[in-house]
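See below for the structure under consideration.
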Amino acid sequence: MRGLLLGSIVAALLLGSCAAPRAGIEATAIPASVADKARCASSDIAVDTDFAAGALQSCVIGEGGAIAITLAPEDEPPINCSPWYAFRVTPAAPVEVDISLSYTACGHRYWPKISHDGVVWTYLEPDQVVVAEVGESRMARLNLDSDGRPFFIAAQEIVVSSTYEAWLDSVEPHPDVKRSLLGKSAEGREIPMLNIGNTLAPARETVVLVGRQHPPEVTGALAMFPFVEALLADDELARAYRARFQTVVVPLLNPDGVERGYWRHATGGVDLNRDWGRFTQPETRLMGDLIAGIHADPARKFMLFLDFHSTQNDVVYTLSKDLETDPVGFTDAWLAEYQAMLPGYEVAERPGYSAGRGVAKNWIYEEYGVPTATFELGDETDRALVRRLGTAAARAMMKTLLETPAS
Ligand SMILES: [Zn+2]
């Protein structure tokens with residue numbers, strides 16, 4: 001069984017109290033917009049989602065104790081099928097647990113992970129999961145022996161505001177880190193920000209990193225943590241980088257969607273990564289203003305924008321090769337360096353460009369002419385490899401930027 005420990009994050013997540021099993025069989029079906037309140041219970045077992053990122057639409061405990069869970073997107077239609085689920089099971093005693101996951105849209109995608117503490121996650125074993133096509137939809141059936149302790153099942157490791165807070169606490173003592181807030185989300189949650197750079201001699205050239213526009217895209221976050229840690233390393237490359245470049249890091253742009261276990265959107269019902277340029281949502285507006293401020297500041301030069309996401313496979317979405325960027329040729333040099341650092345691994349790049357769709361990568365290039373990329377990690381990429389990729393991408397970026405003529 002593979003252990004999925006969240007790097008250096010050691011603080012326990014605030015996942016709320018355990019639900020006590022209640023007498024009788026009951027079912028609760030509630031609107032998806034408040035899906036974080038869903039629960040069901042019998043005298044033997046209870047299911048709840050009363051914790052950050054907890055989400056299901058409805059659950060029913062049948063005769064014999066089988067748990068039938070239905071998952072639904074936060075609104076219709078989901079423009080991208082990232083069918084998130086996260087729930088807690090509290091058995092009254094050791095018992096064999098049988099859970100079915102059905103979907104009102106998209107069908108099953110993420111291999112189920114299990115945790116007893118919300119920090120250390122493991123994959124369910126292949127013999128514990130059956131994925132089957134039922135009619136037009138793909139559903140999953142989980143079967144496991146519980147030792148009687150409560151446990152969490154989720155589409156991916158639960159990486160929520162408290163996880164980011166613990167991580168920010170771990171990097172904040174670094175002398176080249178300044179922690180602040182970008183602002184607040186539509187529901188008033190904090191959107192944290194880090195400025196990285198040698199504070200004794202403020203650097204002019206500025207790199208912007210953003211993460212978690214899309215709530216279920218946890219592997220992007222798991223790569224972003226080591227990426228940023230590599231920028232803070234106590235070695236020659238990272239020191240030289242911090243002396244010359246500023247890095248602005250916004251690791252959690254959509255805390256509301258993450259908290260609510262949304263499949264795609266923020267609470268305004270909009271995909272944040274289709275809102276750049278339009279800026280109808282407070283979260284994207286904050287990012288737009290941040291970058292406009294960097295661009296307008298004569299003491300700074302906006303150099304590069306990277307956006308961390310997840311999809312089925314590891315891939316770097318870059319700009320079309322015919323587009324000229326400033327600095328010239330950064331992306332090809334960066335990815336060549338990245339590939340050179342990863343013997344036995346094949347870097348996948350997909351260049352493309354379409355203006356007017358509100359995608360950060362394209363809009364920022366269109367507006368500022370800097371190199372941009374969407375750095376995507378696979379849903380089920382081995383977590384040790386995810387860390388390696390995050391570190392290598394950062395080191396390749398630092399090396400490549402240091403080779404560009406100072407501007
Ligand atoms: Zn995404």
Side-chain angles (χ1 to χ4, degrees), residues 33 73-80 82 161 164 180-195 206-217 220-221 224 246-260 262-311 317-320 323 325-326 352-376:
S33 61
E74 59 272 16
D75 46 38
E76 295 283 351
I79 67 156
N80 178 291
S82 307
S161 287
Y164 287 91
S180 60
L181 282 186
L182 175 67
K184 292 200 170 169
S185 68
E187 292 189 325
R189 291 189 179 86
E190 293 187 345
I191 301 175
M193 181 162 78
L194 288 180
N195 275 271
T206 303
V207 172
V208 177
L209 311 176
V210 68
R212 224 60 194 283
Q213 295 201 69
H214 295 144
E217 300 186 6
M224 194 176 191
Q246 289 258 0
T247 312
V248 179
V249 185
V250 179
L252 174 61
L253 188 61
N254 186 359
D256 296 347
V258 166
E259 180 81 16
R260 288 172 165 274
Y262 280 2
W263 294 15
R264 186 71 174 180
H265 292 163
T267 50
V270 170
D271 179 343
L272 295 183
N273 204 28
R274 299 294 180 272
D275 192 48
W276 292 70
R278 292 188 271 276
F279 297 123
T280 65
Q281 303 302 303
E283 295 86 359
T284 40
R285 220 157 32 232
L286 286 165
M287 278 305 296
D289 290 348
L290 171 78
I291 293 171
I294 292 167
H295 178 71
D297 184 347
R300 303 177 91 170
K301 182 178 191 303
F302 183 28
M303 291 291 285
L304 170 66
F305 172 82
L306 299 178
D307 186 8
F308 290 75
H309 288 252
S310 307
T311 187
Y317 291 110
T318 57
L319 294 164
S320 300
L323 298 175
T325 60
D326 174 22
Y353 179 70
S354 66
R357 284 183 56 225
V359 174
K361 181 199 82 162
N362 298 329
W363 185 82
I364 287 173
Y365 170 76
E366 193 183 337
E367 195 70 9
Y368 300 110
V370 299
T372 61
T374 311
F375 193 74
E376 304 258 8

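- In this structure, P255 and S161 approach most closely via the heavy-atom pair CB-OG, 4.0 Å.
- Note that CG of L253 is 11.5 Å distant from CZ of R212, once rounded to the nearest 0.5 Å.
- Once rounded to the nearest 0.5 Å, the distance linking OG of S354 with NZ of K361 reads 7.5 Å.
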- [ ] Output, in order, the C-alpha distance, side-chain angles, deciding distance and verdict of side-chain hydrogen bond (donor to acceptor under 3.5 Å, both in side chains) for N254 and H265.
- [x] CA-CA 8 Å; N254 186 359; H265 292 163; over 6 Å; no

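- The side-chain hydrogen bond (donor to acceptor under 3.5 Å, both in side chains) check on Q213 picks up N273, W276, D307, with sequence neighbours excluded.
- In summary, of the residues considered (D271, V258, L272), a side-chain contact (heavy atoms from CB on, under 4.5 Å) with H214 occurs for D271 alone.
- Listed by chain and number, the residues in a ring pair (Phe, Tyr, Trp, His ring centres under 6.0 Å) with F302 are Y368 (sequence neighbours excluded).
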Scan the side chains in residues 180-191 for donor-acceptor partners under 3.5 Å anywhere in the protein, sequence neighbours excluded, and list what turns up.
from	atom 1	to	atom 2	distance (Å)
S185	OG	E187	N	3.4
S185	OG	G188	N	3.3
S185	OG	R189	N	2.8
S185	OG	R189	O	3.4
S185	OG	D256	OD1	2.7
S185	OG	D256	OD2	3.0
E187	OE1	R189	NH1	2.6
E187	OE1	R260	NE	3.1
E187	OE2	R260	NE	3.0
E187	OE2	R260	NH2	3.0
R189	NH1	D256	OD1	2.8

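- Atom-to-atom distance recorded for Y353:OH and T372:OG1 is 8.5 Å, nearest 0.5 angstrom.
- Of the inter-residue distances, the one linking N80 atom CG with R274 atom CZ reads 7.5 Å to the nearest 0.5 angstrom.
- Under the side chain to side chain contact (heavy atoms under 4.5 Å, CB included) criterion, V270 pairs with D275, T280, Q281, not counting sequence neighbours.
- Scanning both residues, R264 and P215, for their nearest heavy atoms gives O-CD, 3.5 Å.
- Using a cutoff of 4.0 Å between basic side-chain nitrogens and carboxylate oxygens, D326 and K301 are scored as salt-bridged.
- Considering every non-hydrogen atom in both G269 and D75, the closest pair reads CA-OD2, 3.6 Å.
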Exercise answer: donor-acceptor pairs, residues 287-300 side-chain atoms, under 3.5 Å, sequence neighbours excluded:
from	atom 1	to	atom 2	distance (Å)
D297	OD1	A299	N	2.8
R300	NE	T206	OG1	3.3

Open item on the list: Could you go through W363 and F305, starting from their C-alpha distance and side-chain angles, then the distance that decides it, and tell me whether this counts as ring-ring contact (aromatic ring centres under 6.0 Å, His included)?
Closed with: CA-CA 11 Å; W363 185 82; F305 172 82; 9.4 Å; no

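- Checked against side chain to side chain contact (heavy atoms under 4.5 Å, CB included), S310 has the following partners two or more places apart in sequence or in another chain: E217, T219, D379.
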